[in-house]
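Below is one structure, written out as structure tokens, with a few remarks after it.
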Number of protein chains: 2
Amino acid sequence: MRIGELAERAGTTTRTLRYYESLGLLPARRTGNGYRSYDEEDLRLLQQIRTLRDFGFELEETRPFVECLRSGHPAGDSCPASLDVYRRKLAELDECIARLSAIREGVGTQLVQAERARAELEAAATAPEGAPEPRCELTPPGP
Amino acid sequence: MRIGELAERAGTTTRTLRYYESLGLLPARRTGNGYRSYDEEDLRLLQQIRTLRDFGFELEETRPFVECLRSGHPAGDSCPASLDVYRRKLAELDECIARLSAIREGVGTQLVQAERARAELEAAATAPEGAPEPRCELTPPGP
DNA sequence: GTAGACCTTGACCCCGGCGTCAAGGCCAGA
DNA sequence: TCTGGCCTTGACGCCGGGGTCAAGGTCTAC
């Protein structure tokens, strides 16, 4: 099969396939006229790449899975190198989620404080007494 | 104060300040010789920008806060536009955390299954009977 | 007068993952 | 034969947030 068909069957573009080839991630055989030629095995490799990318893996991280498949294993994650990538990804995801959660709390707190400050300002405007100074500076989350 | 001093006091670089000016985010007055000139108010604006950036806000998202401060409000988040940015950021963070958590679960599941498959393969290798076919294909997380 | 520390603008580089031309080859159907 | 649809390589663009030259101006201290 040629590049256009493979791209369509995998739901991607020819540009993407040429890019993967330039990385050595999905090399292609050539026919006599210079056209790239792929088979069903290449489709499987490509599907493995795309699936991992949908999970947020970088292209380089998919390489162990692809090589695992190419070396004849039944699945891309049958090899220790792939499992290591899984584990590193898990740690990375956990750290990222924790960081975002901390920021989410910080922003939520800021929003509540700022809304309260505005409410106090409006209350002070309707009942003009000694308006309490609103305090809503952001504080850095640390180094 | 000149650009070098402001950069140092804010813990950033002159390149960054020039970049912010090119965005219209932190304009500078000029002295007779063409040098940029800043005052304490500019330092406050810059601190507001850097603090928000530490929270993961994009530069464009800091603009309402800076303009709020510049228009004389006591804090950058004293204005409705700033609060809207807070709310949008919260929604964005929630969505991002949810997405990452789903992926984290998916990857965790994959890891467990792949480890189990390997264990079964090894067991089959030591006790060579009818080896059960390992099934550990990744499935896409959906569109 | 001259060294050195500051400042100026302009321009290119980086990261990943492609999108999007441009100019030209190859092949099938009318 | 010609049109249209595939294919080829090469090259530039984009996104954000600056880093890092380069070539030159300005000021201060000695």
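First the proteins, then the strands, lettered A, B, ... as listed; each starts at 1.
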Check: Atom CD of Glu8(B) and atom C1' of dA5(C): how far apart are they, to the nearest Å?
Finding: 13 Å
Checklist line | Nearest-angstrom distance from the residue atom CE of Met1(A) to C1' of dC7(D) | finding: 16 Å
Margin query: How close do Tyr38(A) and Arg29(A) get, counting heavy atoms only, and between which atoms?
Written below: CA-NH2, 4.2 Å
Checklist line | Gap between atoms CD1 and P, on Ile3(B) and dG18(D) respectively (whole Å) | finding: 13 Å
Check: Do side-chain atoms of Ser82(A) reach the backbone of Ser78(A) as a donor and acceptor pair under 3.5 angstrom?
Finding: no
Check: Nearest heavy-atom pair of Gly56(A) and Glu61(A): which atoms, and what distance?
Finding: O-OE1, 4.5 Å
Item checked: Under 4.0 angstrom between Arg18(A) side-chain N/O and dT8(D) OP1 or OP2 -> yes
Notebook entry, point to check: At their closest point, which heavy atom of Ala28(B) faces which heavy atom of Glu21(B), and how far apart are they?
Noted result: N-OE2, 3.6 Å
Note to self: Can you tell me if Glu95(A) has over 12 outside heavy atoms packed within less than 6.0 Å of its CD?
What the structure shows: no
Check: Over how many whole Å does the gap from Asp54(B) atom CG to dG16(D) atom C1' extend?
Finding: 16 Å
Notebook entry, point to check: Out of curiosity, Phe55(B) CZ to Thr62(B) OG1, how far, rounded to the nearest 0.5 Å?
Noted result: 14.0 Å
Next item on the list: Answer yes or no: does atom CD of Glu5(B) have more than 12 heavy-atom neighbours from other residues, nucleotides or ligands under 6.0 Å?
Entry: yes
Next item on the list: Write down the atom of Asp77(B), the atom of Leu83(B), and the distance for their closest heavy-atom approach.
Entry: O-CD2, 3.6 Å
Checklist line | Estimated bend of the helix from dG1(C)-dC30(D) to dA30(C)-dT1(D) (axis per five terminal pairs, rounded to 10 degrees) | finding: 40°
Margin query: Counting primed atoms plus P, OP1 and OP2 as sugar-phosphate and everything else as base, spell out the protein contacts along nucleotides 16-22 of chain C at 4.0 Å heavy-atom distance: B, S or - for each nucleotide, 5' to 3'.
Written below: -BBBB--
Note to self: Heavy-atom nearest nucleotide on DNA chain C for Glu5(B) versus Arg2(A): which residue maps closer to 5'?
What the structure shows: Glu5(B)
Notebook entry, point to check: Which one of His73(B), Arg70(B), Gln48(B) satisfies the side chain to side chain contact (heavy atoms under 4.5 Å, CB included) criterion with Phe65(B)?
Noted result: Gln48(B)
Margin query: Distance check needed: dT8(C) C1' versus Leu17(B) CG, whole Å only.
Written below: 14 Å
Next item on the list: Taking Lys89(B) for its side chain and Arg104(A) for its backbone only, find out whether a donor-acceptor pair lies under 3.5 Å.
Entry: no
Check: In this structure, are over 12 heavy atoms from other groups packed under 6.0 Å from Glu8(A) atom CD?
Finding: no
Check: Heavy atom of residues 27-41 of chain A under 4.0 Å from DNA chain C: which residues?
Finding: Asn33(A), Tyr35(A)
